[in-house]
Amino acid sequence: MDFRSLPKIELHAHLSGSISRECLHEVWLQKKERGETTLEDPLVEMPAGKFDYDLDTFFPLFSRYIYSLCNDLSSLIYTTNSVLEDFQADGVVYLELRTTPRAIPSANITKVDYVQTTLDCISKFNASSSMKTHLILSIDRRNDLPVALEVVDLAIKFRDQGVVGIDLCGDPAVGEVAIFRPAFEKAKKNDLEITIHFAEAPQSSTAQELWTLLSYNPDRIGHVIHVPEDVREEIVKSKLGLELCLSCNVHAKMIAGTYSDHHFGWWRETGCPIALSTDDVGIFGSALSNEYALIAEHFGLDRKQTCDLARGAIDTIFGSEEEKKRLREIMWK
Ligand SMILES: [Zn+2]
């Protein structure tokens with residue numbers, strides 16, 4: 001089966017983590033030529049074939065390296081376009097990208113500029129592509145409440161330009177999620193959809209944290225790894241959408257064992273809509289087509305089961321009914 005030509009939906013992809021190493025290398029070369037960077041070559045920093053980033057090495061890679069390299073308007077535009085092209089080339093027909101609004105004072109870029117620039121790239125791409133993309137704005141667990149509310153305000157401001165929801169992400173070892181309640185309440189009140197990184201690591205999977213997060217009424221949750229039984233029951237009862245990321249969980253050793261041990265095997269029987277997703281294809285190196293190939297291989301899915309799995313994600317997108325209709329037409333062909 002050709003998994004690249006299978007029409008696919010990607011719902012859990014971080015913009016900065018989805019930039020390929022080759023693209024980062026091109027940005028670096030351009031900056032090096034202009035004498036604008038003293039950073040190491042991305043291909044040395046993140047060698048080809050190295051995918052074993054864990055929670056201790058993953059987050060510093062962004063704060064220390066990728067954000068320092070992509071630190072002006074031209075690199076933001078170049079890398080965003082490259083990410084969109086990569087997803088389209090992999091057979092993605094609908095994409096929800098997520099990003100944490102980032103001000104870059106050294107380049108005079110505000111958070112508003114950052115979001116506007118990202119949306120401009122997306123809307124240009126949407127106009128000339130069969131893949132349609134929306135944007136989700138992320139609250140980082142490191143943020144305080146005013147910063148989180150600022151993210152929600154940005155999402156409201158840019159809703160008519162393609163922002164569809166709010167995410168909670170970041171280092172699961174950091175932060176107290178209970179402080180974000182007013183931010184998620186405001187998002188809901190303004191008809192924004194909510195997705196949350198959920199039970200990603202043992203330290204972010206206490207009963208208290210998980211019940212607090214569920215009380216924010218998320219429409220989808222991501223990863224969903226270390227979930228106690230009573231919380232699982234609630235998720236199944238509410239039929240929450242699940243963003244499951246296979247390679248990322250295996251490479252980062254977020255689960256015990258390997259592909260065939262992934263909790264996809266448990267959730268697939270529950271009736272919750274599942275969107276297989278890549279999380280950070282630039283870091284973990286497995287395109288969405290490869291995630292489908294791995295699932296089919298390790299869980300014995302035949303062609304029809306694989307197509308049904310891909311179609312199952314339609315119901316849990318944050319896009320409009322019209323968009324769902326378009327996807328049904330494409331994916332049931
Ligand atoms: Zn993620």
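Each ligand, and each atom within it, is numbered from 1 in the order the structure gives. Sequence positions, counted from 1, serve as the residue numbers for this chain.
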Under a plain distance cut-off of 3.5 Å, with no hydrogens placed, do [Y] and [X] share a side-chain donor-acceptor pair?
| X | Y | value |
| --- | --- | --- |
| S247 | E291 | yes |
| D279 | H223 | yes |
| S68 | N71 | no |
| D120 | Q116 | yes |

Report yes or no: does [X] have an N/O/S atom closer than 2.8 Å to the Zn ion (ligand 1)?
| X | result |
| --- | --- |
| H14 | yes |
| D279 | yes |
| H197 | yes |
| H12 | yes |

